[in-house]
Amino acid sequence: MSRYEIVRFMIIERARQSPAVGAVIQSYLYRSESDIRDLLSYGCRIRLCKGAYKELIEVAYPRKVDVDANYLH
């Protein structure tokens with residue numbers, strides 16, 4: 001199991017136990033929209049932020065204008 005899969009599993013399990021549990025999703029990641037759809041399907045609360053870390057171009061939008069567009073999408 002990847003680190004992402006472990007964290008996803010923990011969030012979903014905790015969200016099932018308490019509606020106060022949620023996740024913060026960084027919009028600068030390419031997978032953010034699918035992560036949000038996935039977690040919402042389990043009733044998880046979502047907080048969306050733009051993201052503040054330098055990531056590889058393979059996983060994240062490198063330009064601020066693209067991050068902003070994905071955030072608003």
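For this chain, numbers begin at 1 and follow the sequence in order. All values reported here derive from a predicted model rather than from experimental measurement.
More than 12 heavy-atom neighbours from other residues, nucleotides or ligands sit within 6.0 angstrom of OH on Tyr4. Within 6.0 Å of CG in Leu72 there are more than 12 heavy atoms belonging to other residues, nucleotides or ligands. For Phe9, the CZ atom sits in a loose shell: 12 or fewer heavy atoms of surrounding residues, nucleotides or ligands are nearer than 6.0 Å.
With rounding to the nearest 0.5 angstrom, the CD atom of Glu33 is 12.5 Å from the CG atom of Asp38. Atom CD1 of residue Ile11 and atom OH of residue Tyr42 lie 12.5 Å apart, to the nearest 0.5 angstrom. The distance from atom CD1 of Ile12 to atom CG of Leu39, rounded to the nearest 0.5 Å, is 5.5 Å. Here the NZ atom belonging to Lys50 is positioned 4.5 Å from the NZ atom belonging to Lys64, to the nearest 0.5 angstrom. Distance CD1/Ile25 to CD1/Ile36: 6.0 Å, rounded to 0.5 Å. Rounded to the nearest 0.5 Å, atoms CZ (Arg14) and SG (Cys44) are 12.5 Å apart.
Using a 4.5 Å cut-off between side-chain heavy atoms of Ile, Leu, Val, Met, Phe, Trp and Tyr, with links allowed through other members, Val24 and Leu40 fall into different hydrophobic clusters. Grouping the Ile, Leu, Val, Met, Phe, Trp and Tyr side chains by contacts below 4.5 angstrom, directly or via other members, places Val67 apart from Leu56.
Side-chain atoms of Tyr71 do not come within 3.5 Å of backbone N or O of Asp66 as any donor-acceptor pair. Ser18 contributes no side-chain N or O that, together with a main-chain N or O of Ala15, makes up a donor-acceptor pair within less than 3.5 Å. No side-chain donor-acceptor contact under 3.5 Å links Asn70 to the backbone of Tyr28. At distances below 3.5 Å, not a single donor-acceptor pair connects side-chain atoms of Glu13 with backbone N or O atoms of Met10.
Residues passing the side chain to side chain donor-acceptor pair (under 3.5 Å) test with Arg3, sequence neighbours excluded: none.
Proximity of Leu29 to Glu55: side-chain heavy atoms (C-beta onward) are separated by under 4.5 Å at one or more points.
Between Arg8 and Asp35 there is no salt bridge, since none of the side-chain N atoms of the basic residue sits less than 4.0 Å from a carboxylate O of the acidic one.
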Derivation of the side-chain contact (heavy atoms from CB on, under 4.5 Å) call for Gln26 and Tyr53: CA-CA 10 Å; Gln26 300 180 83; Tyr53 302 101; 3.7 Å; yes

